[in-house]
Amino acid sequence: MTLDPVLARIDADLEAATDRLLRLLRIPSISTDPAHRADCRAAAEWLVEDLRSIGFENAALRDTPGHPMVTGGMGDGGPHLLFYGHYDVQPADPLELWKAPPFEPSLEETPAGRVIRGRGASDDKGQLMTFVEACRAWVAVHGALPARVSILFEGEEESGSPSLVPFLRDHAEELKADLALICDTGLFDRDTPAITTMLRGLVGEEIVITGPDRDLHSGAYGGPAVNPIKVLARIISALHDDHGRVTLPGFYDGVPEITPELRAQWESLGFDEGAFLGGVGLSHPAGEADRTALEMIWARPTCEVNGISGGYAGAGFKTVLPSQACAKISFRLVGAQDPEKIRDAFRAHVRSMLPPDCSVAFHGHGAAPASVMATDDPAFETARQALSAEWPNPAAFVAPAVRSRSRATSRPSWRWIRCW
Ligand SMILES: [Zn+2]
């Protein structure tokens, strides 16, 4: 067998591999804090050296306007795989809540098993090193990798990745691959690995409705003068029907139904809706009446009001009839929903409900379509089988960002994307 001796090698090398990870974890590579700029560079340099020691002879630190990228490539023949990870971490504040210093990582025995405690252990240095260690073991046993592998580590993921897209554009030829493997997500729970196959998109809108040209006294003008807060409330309440569906015309265009196979897979996960809502003090599911909570979070589009302001909301009381009312509203998108069409439909909805004497100003806050992986690509089944072989439960195809409090975990998992 080709794989068995590699797995045996990884087991035999576990202590040294853990030591390497601990060394990387000790570098406080906080990307958002300028005081840690040199530390970010040190983490990148450490990775370059480690990759070179495996056989990535061309491993290099690549400068960007922000923190450097780390790249390296090895192997030829077979599919071209691109592996992405990030070596930067979030700030460790508030420090007083850490039982041990965040950059002095340690192994700890817990009721759930042995864990590594330290900033970045589960996001994303631990995941990143699993791939590096896999390459190390494969090369040690077989002398070469079974496929062409390119590595891309960035140091700005926790601060918005400003250099990532320009770097990808500038080096598209070098980095173009058949498959990209992103290891920056979580397991579904401690026994169930997950492969993230879809990410919802987002549209953000801010609206300011203006009525009278100044704040008025409600005793003097209440009644004849239009109240922008009342107008805004009507507009917002008309965004959903009684069944929790969004009413904007065309909103559900391009929203796919999940396949029966995926539905069955999700049902088998045993997601505890009661615990999920109970964890935040709720007990009755809102939203689309005929959808499960998991489906709504992973596979359904939503419209949420994120903030609303206007008039007087300070201490005491003031009988003002305000000139303006504002709201921030966001839409999560799935499938092939078009962010710009949704923005247009929302703005048309607002305008259509605007009474005489009122005007509206719109401020767009970003628009990104959803991404949905082509899970019929054989790579997904290969990945699913490989992960299933290592954990008690089979791997599930999921969308990210759901944590049932009772089942939360931050151990690493994988997300595959298909590169076109
Ligand atoms: Zn991350």
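For clarity, every value in this text was computed on a predicted model and none was experimentally measured. Any value given below was found using the heavy atoms of this structure, including those in side chains, with hydrogens, waters and symmetry copies removed. Atoms within each ligand, like the ligands themselves, are counted from 1 in listed order.
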Does anything in residues 164-185 pair up under ring-ring contact (aromatic ring centres under 6.0 Å, His included), and if so which pairs, sequence neighbours excluded? Phe167-His171

With the threshold set at 4.0 Å, does a side-chain nitrogen-carboxylate oxygen contact exist between Glu104 and Arg117? no

Output all residues satisfying ring pair (Phe, Tyr, Trp, His ring centres under 6.0 Å) with Trp266, sequence neighbours left out; order by chain, then residue number. Trp298

Atom of Trp391, atom of Pro193 and distance for their closest heavy-atom approach: CB-CD, 3.5 Å

Close to the Zn ion (ligand 1), meaning under 2.8 Å, how many protein N, O or S atoms are there? 4

If a pair satisfies salt bridge (charged side-chain N to carboxylate O under 4.0 Å, His left out) and one of its residues is in residues 327-347, list it, with sequence neighbours excluded. Glu205-Arg343, Glu205-Arg347, Glu206-Lys328, Glu340-Arg343

Glu273 CD: over 12 foreign heavy atoms closer than 6.0 Å: yes

